[in-house]
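Working notes for the structure below.
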Amino acid sequence: MFKEAFDYIGSKRFSMTLLKIGVGYFLYLAIMWITGIRPPGGYMLWFPLSVWAAFFFVNIGISLVTQKYVHKGNIVFHAAFIVVAIGIITSAMFRFEGEVMVVEGESFFGDEKEYAGHNAGKSFDKFSPDVSFKVFGIEPVFWKDALYFTGLRAVLKYPAETLENTGEVWLNDGVGINGARIRLTGFGYFPELHIENNGALLHKGYVNAMVFPPGNVDSMEIKGYKIFMRFYPDAVVKDGKISNRTLYLKEPVLAIRVEWLGNAIGDGILKKGESVRFGGATLAFTGARRFVSIGIVKDPGEQVVFVGFVIGLIGLALRLFYGRKRDT
Amino acid sequence: MEGLEKILYFACLFLYAAAAIAAFSGFLAARRYRVSYVLSIALLGALIGVRWYHAGHPPIFGTYEETLSASFAVTLFSLFLDREGRFARFTASFAFFTLLYGSFFDSSLKPLVISEQSLWVEFHALFAWIAYGFYALVFAAAMGVLIKKVTPRPTPLGVGAPKGGGTLRLRRTEDGSGGIKKETVEAPSASLPSASLRTGRTGRAGLSDWLMHKGLLYGFIGQTVFFVIGAYYSARLHGRWWTWDTVEYLFVASWLIYAVAMHGRILSGWSDKRTAAWVAAGFAALLFLYWGLVYFPHSTYHIFDIEFKTHFP
């Protein structure tokens with residue numbers, strides 16, 4: 001019984017069945033994604049894939065052990081799948097991925113609270129890389145002043161304590177610090193506010209608000225006030241209407257609306273340095289700061305996967321250049 | 001598109017149209033086919049060069065530029081594998097309609113967005129077109145098999161075939177002992193690919209068989225290389241080599257379809273017709289993949305033809 005099952009799982013017939021099932025599964029995923037449908041549970045995505053992949057790798061493993069692949073190229077190509085599988089499992093167990101938002105001129109020290117999000121859960125201390133840096137010189141480049149990035153870079157100095165190393169990060173490349181890859185993932189502006197209530201300071205400094213690109217609305221709550229904001233980095237205000245000229249930080253304008261217990265109690269269009277009063281409070285728009293989102297990834301399995309890919313390509317090259325003894 | 005680029009574009013269109021008409025009317029003999037294809041490659045190569053010069057990058061971004069690359073790849077690999085022009089009806093028409101299709105899309109010059117500004121992307125696209133060029137040819141061969149009702153191949157390709165080509169025959173010995181001897185029949189014409197002779201078939205059927213085998217292998221290798229390059233670049237761009245993206249699903253689906261076709265031929269001794277059906281399915285998946293990029297950009301990171309590209313939704 002066991003031998004029959006072993007023989008079947010390692011058989012050519014089962015290889016073909018698995019390939020066909022794989023075709024069906026990935027077509028199903030593609031159609032789901034195109035139509036915007038997502039499985040109700042994440043397990044509906046990864047569980048069938050895991051079962052399929054497990055049989056796939058076992059099938060290849062048995063075929064390798066029982067020496068069904070005669071040609072060297074085929075052996076190397078199929079063995080590569082095992083290396084890739086080891087890499088994927090390693091990634092699943094040890095991969096760390098986090099994102100931080102850092103304002104120009106400020107530092108990141110690697111503390112868990114500084115992360116906007118990460119995948120390590122309670123094992124943060126175990127998996128998080130030893131990374132710290134300070135961000136300088138954020139430079140976005142837009143084409144024709146449209147939301148069409150043709151350039152975005154930032155300079156990092158690291159570690160944050162000594163700033164002895166310098167590196168540049170882009171959206172499609174970055175620097176490596178202590179085994180972690182650091183790259184840009186986003187850009188925007190944070191408005192700077194000064195808020196007082198009857199002489200008492202409620203807030204001073206930038207607000208972590210997602211108001212880029214222009215038109216985005218975000219809000220903050222402070223002492224019962226809910227302040228809705230829209231930000232325009234290079235605005236012209238005419239007859240109470242705002243139009244934005246470029247996406248560069250030149251003539252910033254902040255449009256606000258304030259609610260108290262769900263009722264609108266004030267609004268205004270503020271140029272840099274201007275303020276508005278609502279209730280007993282005063283809100284002043286003191287400027288804006290550039291920030292970048294930075295992705296931090298440490299994945300020991302990734303390199304194993306790429307080693308597997310390279311082995312696979314070597315197998316195909318052997319298959320291509322050294323003919324064939326017998327096709328199996 | 002203006003000036004020299006426009007002239008070259010219409011010259012290429014005209015040349016492909018003429019080649020396709022000539023192929024359908026039986027006027028495109030092997031020599032004329034080769035001449036017209038060499039000329040097409042030269043003109044289209046010049047067009048690509050002009051576009052590259054003006055754009056400052058290889059013409060592989062956006063549908064218009066992609067169609068230039070696609071037509072070029074198909075023409076080049078046709079000349080490489082199908083030297084007699086037996087599939088010129090398909091390849092010339094394919095190149096013509098592909099070029100024409102591209103003209104419906106924006107051909108104005110735009111700077112590349114950040115994600116496109118990398119040599120990795122250029123090599124990714126280069127191998128994509130190598131793969132798709134071969135697969136288009138394999139599709140032509142498959143259609144040849146499907147339409148012409150070729151008889152099923154009795155044994156897996158190449159198994160027991162004599163080394164160096166030719167057909168293996170078994171004959172009774174002439175000494176009256178009743179024994180059997182092996183005899184290799186040499187290729188009757190040097191112009192036919194030896195691999196087709198291994199199957200014991202000649203003419204269009206043999207060529208279809210040979211093209212499917214060679215084209216599948218080359219295309220599969222090209223597709224694998226372009227995936228590996230894309231995965232590596234994705235790790236740099238997105239932080240992960242696999243991004244759960246529609247294009248990646250369709251890529252794996254098409255890759256597995258071609259793997260089924262190859263394994264079917266090799267492992268199970270599938271008939272040409274059955275293999276051809278899977279090859280056709282693989283090509284359909286590739287077209288689905290490509291048009292998915294163009295018409296469903298919201299579901300993928302691989303965005304081609306929208307006015308304002310951005311990394312920030």
Side-chain angles (χ1 to χ4, degrees), chain A residues 12-13 15-16 19-20 22-36 45 74 77 88 91 95 97 141 143 146-152 170-174 181 183-188 212-213 295-297 299 302 305-306 309-310 312-313 316-317 319-320 324 326-328, chain B residues 110-118 120-121 156-159 217-218 220-221 224-225 227-228 231-233 235-242 244-254 256-257 259-260 263-268 281 285 288-289 292 296 298-300 307-312:
Chain A
K12 295 173 182 177
R13 193 177 167 190
S15 308
M16 294 295 287
L19 288 173
K20 290 174 189 170
V23 170
Y25 176 74
F26 283 101
L27 281 177
Y28 151 79
L29 284 188
I31 290 165
M32 295 260 285
W33 255 244
I34 282 175
T35 52
L45 185 71
N74 288 357
F77 177 72
I88 291 171
S91 289
R95 179 185 168 88
E97 185 173 5
V141 182
W143 181 62
L147 191 61
Y148 185 111
F149 282 88
T150 55
L152 179 61
W170 301 273
L171 275 173
N172 56 358
D173 210 347
R181 202 172 51 252
R183 72 192 205 288
L184 293 184
T185 56
F187 163 83
F212 184 84
I296 299 171
V297 174
D299 187 350
E302 190 180 278
V305 168
F306 284 116
F309 285 164
V310 171
L313 292 180
L316 286 177
R319 180 71 181 75
L320 180 66
R324 64 175 187 274
R326 202 187 98 199
D327 281 307
T328 46
Chain B
K110 287 195 183 104
L112 299 179
V113 291
I114 299 164
S115 57
E116 294 166 339
Q117 297 170 13
S118 171
W120 291 107
V121 178
L157 181 77
V159 174
L217 182 62
Y218 293 152
F220 192 79
I221 290 172
T224 309
V225 173
F227 168 72
V228 170
Y232 179 72
Y233 186 56
R236 295 164 78 111
L237 181 64
H238 302 298
R240 47 179 62 230
W241 60 271
W242 177 263
W244 300 100
D245 183 285
T246 313
V247 167
E248 288 174 0
Y249 302 147
L250 286 169
F251 166 84
V252 178
S254 62
L256 289 174
I257 289 172
V260 168
H263 283 80
R265 282 177 72 83
I266 294 167
L267 293 181
S268 309
F288 188 33
L289 186 161
F296 301 100
H298 56 275
S299 64
T300 174
E307 196 61 29
F308 293 97
K309 297 181 213 184
T310 174
H311 297 276
F312 306 97

(request) Would you mind telling me which of S254(B), A281(B), G239(B) has the largest number of heavy-atom pairs within less than 4.5 Å of chain A? (result) G239(B)
(message) Donor-acceptor check, side chain of R183(A) to backbone of H238(B), threshold 3.5 angstrom: yes or no?
(response) yes
(request) Could you tell me which of R181(A), R13(A), E302(A) has the largest number of non-hydrogen atom pairs under 4.5 Å with chain B? (result) R181(A)
(message) Nearest 0.5 angstrom please: S91(A) OG to W242(B) CH2, how far?
(response) 14.0 Å
(request) Please flag which part of F251(B) lies under 4.5 Å from any non-hydrogen atom of chain A: side chain, backbone, both or neither. (result) neither
(message) At a 4.5 Å cut-off on heavy atoms, which part of F77(A) comes close to chain B: side chain, backbone, both, or neither?
(response) side chain
(message) For L316(A) and T224(B): C-alpha separation, side-chain torsions, deciding distance, then whether side chain to side chain contact (heavy atoms under 4.5 Å, CB included) applies.
(response) CA-CA 9 Å; L316(A) 286 177; T224(B) 309; 3.6 Å; yes
(request) Against chain B, label D173(A) side chain, backbone, both or neither, depending on which of its atoms sit under 4.5 Å from a heavy atom there. (result) both
(request) Measure the CG-CG distance between L27(A) and L256(B) for me, rounded to the nearest 0.5 Å. (result) 9.5 Å
(message) Would you compute the distance between atom CG of L29(A) and atom CG of L250(B) and round it to the nearest 0.5 angstrom?
(response) 9.5 Å
(message) Heavy-atom cut-off 4.5 Å, strictly under: side chain, backbone, both or neither for V305(A) against chain B?
(response) side chain
(message) Using heavy-atom distances under 4.5 Å, tell me whether L45(A) contacts chain B through its side chain, its backbone, both, or neither.
(response) side chain
(request) Classify the ring geometry between F309(A) and F227(B) as parallel (under 30°), tilted (30 to 60°) or perpendicular (over 60°). (result) perpendicular
(message) Treating N172(A) as the side-chain partner and I114(B) as the backbone partner, does any N or O pair qualify as donor plus acceptor under 3.5 Å?
(response) yes
(message) Main chain of P111(B), side chain of Y148(A): is a donor-acceptor contact present, judged purely on distance under 3.5 Å?
(response) yes
(request) Verify, without hydrogens or angle tests, whether W33(A) (side chain) and W244(B) (backbone) share a donor-acceptor contact under 3.5 angstrom. (result) yes
(message) Is there a side-chain contact between V252(B) and F26(A) in this structure, where contact means two heavy atoms from C-beta onward sitting under 4.5 Å apart?
(response) yes
(request) Please round to the nearest 0.5 Å and tell me the distance separating atom CD of Q117(B) and atom CG of L171(A). (result) 9.5 Å
(message) Assess whether a salt bridge exists between R240(B) and E97(A), defined as any Lys/Arg side-chain N lying under 4.0 Å from an Asp/Glu carboxylate O.
(response) yes
(message) How close do H263(B) and L19(A) get, counting heavy atoms only, and between which atoms?
(response) ND1-CD1, 3.7 Å
(message) Is W120(B) close to chain A through its backbone or its side chain, or both, or neither, when contacts mean heavy atoms under 4.5 Å?
(response) neither
(message) Quick check for you: to the nearest 0.5 Å, what is the distance between D299(A) atom CG and W241(B) atom CH2?
(response) 10.0 Å
(request) State, yes or no, whether a side-chain contact exists between W170(A) and L237(B) at a heavy-atom distance under 4.5 Å. (result) no
(message) Quick check on L313(A) against chain B: is it the side chain, the backbone, both or neither that has a heavy atom closer than 4.5 Å?
(response) side chain
(request) Measure the spacing between CG of L320(A) and OH of Y218(B) and express it to the nearest 0.5 Å. (result) 6.0 Å
(message) Under 4.5 Å from any heavy atom of chain A, what part of I257(B) do you find: side chain, backbone, both or neither?
(response) both
